[in-house]
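Notes to accompany the following structure.
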There are 4 protein chains.
Amino acid sequence: MPRAERERQMLDAAVRVFGKRRYRAASMDEIAELAGVSKPLVYLYLNSKEDLFSACIRREAEALVDAVRAGVRTDVAADRQLWEGLTAFFTHTAERPDGWAVLHSQARSGGDSSSESQLRSSKGDPVVAEVGAMREEIVAFVTHLIAEAAREAHDNPELAEREVAGLAQALVGAAEALADWANGDATVSAKEAATTLMNFSWSGLGNLMDGERWSAR
Amino acid sequence: MPRAERERQMLDAAVRVFGKRRYRAASMDEIAELAGVSKPLVYLYLNSKEDLFSACIRREAEALVDAVRAGVRTDVAADRQLWEGLTAFFTHTAERPDGWAVLHSQARSGGDSSSESQLRSSKGDPVVAEVGAMREEIVAFVTHLIAEAAREAHDNPELAEREVAGLAQALVGAAEALADWANGDATVSAKEAATTLMNFSWSGLGNLMDGERWSAR
Amino acid sequence: MPRAERERQMLDAAVRVFGKRRYRAASMDEIAELAGVSKPLVYLYLNSKEDLFSACIRREAEALVDAVRAGVRTDVAADRQLWEGLTAFFTHTAERPDGWAVLHSQARSGGDSSSESQLRSSKGDPVVAEVGAMREEIVAFVTHLIAEAAREAHDNPELAEREVAGLAQALVGAAEALADWANGDATVSAKEAATTLMNFSWSGLGNLMDGERWSAR
Amino acid sequence: MPRAERERQMLDAAVRVFGKRRYRAASMDEIAELAGVSKPLVYLYLNSKEDLFSACIRREAEALVDAVRAGVRTDVAADRQLWEGLTAFFTHTAERPDGWAVLHSQARSGGDSSSESQLRSSKGDPVVAEVGAMREEIVAFVTHLIAEAAREAHDNPELAEREVAGLAQALVGAAEALADWANGDATVSAKEAATTLMNFSWSGLGNLMDGERWSAR
DNA sequence: TATGAATGAGGGTTCATTCAT
DNA sequence: CATGAATGAACCCTCATTCAT
């Protein structure tokens, strides 16, 4: 069997296991078994648990970004662009739940939240930072989109940079929560999820209370 | 040293370590060392890693809920209530970043996202579900609030139940993301975070583009 | 509470726990709790787990020996003496099952059975030898009785010393097995057990097959 | 080194250590060291301390049963059959003293001897029951043999069922005690031990006193 | 290309024992 | 007379990783 295909099998298995068990709880034994190969082969091809995880993250992140990018037309109105991006996002996360689990389930843990931080970093889970970095890229991209939209809107060419960053964080967080929710208990279609999020983020709860809602024109 | 105080020390240390390393990666050795006691004492007082984690979750969750509840007056307008609750939330998470880390960092992990799921559930980390349950309670509460507000607004007495649930998920997700962001890289005050989130969730991006923003009257 | 009584309580608890769990598996915590005192007090009075076990063995062994001795008249025929001793033995072990469990349950393990014996003795369970010593005393006593009886019997004044020792071992082993059996599943009275053992050891299976049985005249 | 051979080495070591120290006191470290391998390998091949112990018991029990079965001809007189079985038994236990130690050293421990029994059973050593079960099988087999012999003897076709059970217990207990004795202090050949036990159990002490002894015709 | 065999290191848990009061 | 507080040491078990083939 050619190397490329074997590697894909291993990554598939790893994504599945990392998604279900998280980085620390996942065991190389389980991954190798699910991939149908022996452990040394996994090490031969992918070097270490850390590298394997890294490869999973990169593959799934790239797939997600590609899917979103492919779903958005750049020559339409800002709200329409957002709608299309969200729809693509929810579609993709529904199609690849394990990939989404890997990307999302270990997000936090990068930043030294405790001010004093006497805890040595102890090569514990150094890899996990990678996910954080990826998320930050996405947030940066969304930040850029919002700023652009604000600039285009003639009435409000300048939102404070920091506020835009906050709005992007909020939007991304809301999208993540909805993706988890849609993949989990509730069975919600990607379009429904996107609509809900447009109503929430574009129109706002205030307007919603007054019966005004956003709709894809 | 009296037992109660020692127990508090241990919980403080555990919250710190669990927050930074997550459940699996946290070691009882590190917790004991940070608490300044020997490992057997931790076991004598708190029984097991699982129980210790449980105790952390319960303590921090209760503190957070109390803080939010204390910050909200119930005899004011719906948007004002939301603003007050968010402010209290961001204030608390900023004051106890480790507590927030414990509560938030291991949220996802419950749902069997992969449809086939040939992976045995392996008694691994059954505790973590506790956090998920807590989050669901909060979401349920927020869901209730939104439905209530919709009922009060004469123009829109009935939102589809499922849509309300989605909105609650989105709101909670956005708040979580902002809390992480405010505690991390950006240094943002609780009030700023609350304002940003009100603009986002109450007014909506569409209005924001038009220069209309929410403000605490 | 006077020391003597406290000590008795502790020994009672220890006999119970040692009997049920064996030396290694018994924990000082459980003994102290069952005795209704704190652990340091147990150490104050009985010094160490090893000494405590020793004390249990001595107390129960003495009680057993006393009971048997008190039940045997020395001025009767040899078989009658044996019958009386066995009856007393079975009566006592039925009355104090925990005591018997302590005495019997850790019997073996003294002798270096493996010829080469590269295993270091490793202060593992050094105490247990005590039980073996006690058992050997009993066997020696029974050996003496059999030899005496043989000498009294005019037809067979001299049995080979080694054979007598073997017979004593067999008799003691049979009695132990019957005591366990009588205390356990089967509910058999002391007299029944003694009769069975007299039929077995005095008359022999061969005679039993022919319908001849021993009876207390 | 092939797996099968390594496994045998481990079982040899385990039998030795379990025999000398008993289940609880035996440490996997010592077993691994005696087997000349690392601890993880023991776990890889034999799963757990409990499984390892179980494997020891099964191997040694099977070997013993096979040896006895092979030594007995079924077409000879009852007493001759008993003699042959005992000889095979004592021969085997002398040849594999460690195996015998494992089988015999943890026999008792099942029955709830103390009537009230407030002691929680505490999952401690559930394995040990395995040995007890084995012994009960043997006793049941001997019980069957004795009943059969009684039925064949025309003079005594019916012994009370309960009495037969007691006789079997006594016979097995006597054999166990003699095996321990023969392996320990005294150096006694298998044939001597068998002869002693035949004199004891077949002829009975009463006949012995009168100079009548059993002999292999 | 692929694997069976093997291990160093570390984690959770328990227990006999002591000290200060 | 009695105990609450505390620990060093050891034990069972798992896991990422490598070597020889």
Side-chain angles (χ1 to χ4, degrees), chain A residues 1-3 6 23-32 36-53 122-124, chain B residues 1-7 24-32 36-52 122 124, chain C residues 1-3 6 23-32 36-53 122-124, chain D residues 1-7 24-32 36-52 122 124:
Chain A
M1 179 170 307
R3 170 161 184 158
R6 271 270 191 258
Y23 183 72
R24 274 296 288 249
S27 90
M28 295 298 272
D29 271 299
E30 191 177 6
I31 292 171
V37 296
S38 70
K39 245 186 317 178
L41 200 59
V42 179
Y43 277 89
L44 187 61
Y45 283 3
L46 286 136
N47 215 41
S48 75
K49 191 184 186 182
E50 205 165 318
D51 287 0
L52 174 55
F53 183 72
S122 96
K123 70 167 183 76
Chain B
M1 181 169 307
R3 176 170 179 150
E5 188 173 350
R6 269 274 190 258
E7 236 170 90
R24 280 292 293 249
S27 93
M28 294 299 270
D29 272 303
E30 192 179 5
I31 292 172
V37 298
S38 69
K39 238 189 323 176
L41 198 58
V42 179
Y43 277 89
L44 188 61
Y45 284 2
L46 286 137
N47 224 35
S48 75
K49 191 183 186 182
E50 206 163 316
D51 286 1
L52 174 54
S122 92
Chain C
M1 182 172 304
R3 170 160 186 155
R6 270 272 191 256
Y23 183 71
R24 274 297 286 246
S27 90
M28 295 297 273
D29 271 301
E30 192 176 358
I31 293 171
V37 296
S38 71
K39 246 188 315 178
L41 199 58
V42 179
Y43 278 88
L44 186 62
Y45 283 3
L46 286 136
N47 215 41
S48 75
K49 190 183 187 183
E50 205 164 318
D51 287 0
L52 173 56
F53 183 71
S122 94
K123 67 166 185 79
Chain D
M1 180 169 309
R3 174 170 180 149
E5 188 171 349
R6 270 273 189 259
E7 238 170 86
R24 279 292 292 249
S27 94
M28 294 299 270
D29 272 302
E30 191 178 7
I31 292 172
V37 297
S38 69
K39 237 191 319 179
L41 199 59
V42 180
Y43 279 90
L44 188 61
Y45 284 1
L46 286 135
N47 223 34
S48 73
K49 192 183 186 181
E50 204 163 318
D51 286 1
L52 174 54
S122 92

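A note on names: the letters A, B, ... follow the listed sequences, proteins ahead of strands, and every chain is numbered from 1. No experiment lies behind these values; they were computed from the predicted model shown.
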Could you check how far CG of D:L41 sits from P of E:dG4, rounded to whole Å?
-> 14 Å
Between atom CD in B:E30 and atom C1' in E:dG11, what is the gap in whole Å?
-> 12 Å
Rounded to the Å, how far apart are A:D29 CG and E:dA5 C1'?
-> 13 Å
The bend of the helix from E:dA2-F:dT21 to E:dT21-F:dA2, taken between the axes of its five terminal pairs at each end and rounded to 10°, is 30°
Selected nucleotide, minimal atom distance to D:P40 side chain, candidates E:dT14, F:dC15, F:dA6 | F:dC15
Hey, does the side-chain of C:K39 have a donor or acceptor N/O within less than 3.5 Å of a partner on the base of F:dT3?
-> no
One should read off an interatomic distance between D:K49 NZ and D:I31 CD1, to the nearest 0.5 angstrom, of 7.0 Å
Between E:dT13 atom C1' and B:E50 atom CD, what is the distance in whole Å?
-> 13 Å
Side-chain contact test, heavy atoms from C-beta onward, threshold under 4.5 Å: evaluate it for C:L52 versus C:N47 and give yes or no.
-> no
Using heavy atoms to find the nearest nucleotide of DNA chain E for B:Y43 and A:V37 separately, return the residue whose nucleotide is more 5′.
-> A:V37
Can you check whether C:Y45 has a side-chain N or O nearer than 4.0 Å to OP1 or OP2 of F:dA2?
-> yes
Identify the heavy atoms of B:S38 and B:A32 that sit nearest to each other, and give their distance.
-> C-CB, 4.1 Å
Rounded to the nearest 0.5 Å, how far apart are CG of B:L46 and CE of B:M28?
-> 7.5 Å
Want to settle it: does B:N47 or D:L44 sit nearer the 5' end of DNA chain E, counting the closest nucleotide to each?
-> D:L44
Could you check D:S48 against B:R6 and say which one's nearest nucleotide on DNA chain F is further toward the 5' end?
-> B:R6
Proximity to the side chain of A:K49 - top-ranked nucleotide from F:dA16, F:dC12, E:dA6 = F:dA16
Is there side-chain contact between A:Y23 and B:R24, with at least one heavy-atom pair below 4.5 Å?
-> no
Between CG of D:L44 and CZ of D:R6, what distance do you get to the nearest 0.5 Å?
-> 12.0 Å
Per nearest nucleotide of DNA chain F, the residue lying toward the 5' end, B:A4 or D:M28, is B:A4
Between CG of D:L46 and C1' of F:dT14 the distance, given in whole Å, is 16 Å
Would you kindly give the CZ-to-P distance between D:R3 and E:dA6, to the nearest whole Å?
-> 10 Å
Quickly work out the B:D51 CG to E:dG12 P distance and round it to whole Å.
-> 14 Å
Just checking B:A26: base, sugar-phosphate only, or nothing, at a heavy-atom cut-off of under 4.0 Å?
-> sugar-phosphate
Measure the distance from CG on B:L52 to P on E:dG11 and round it to the nearest whole Å.
-> 15 Å
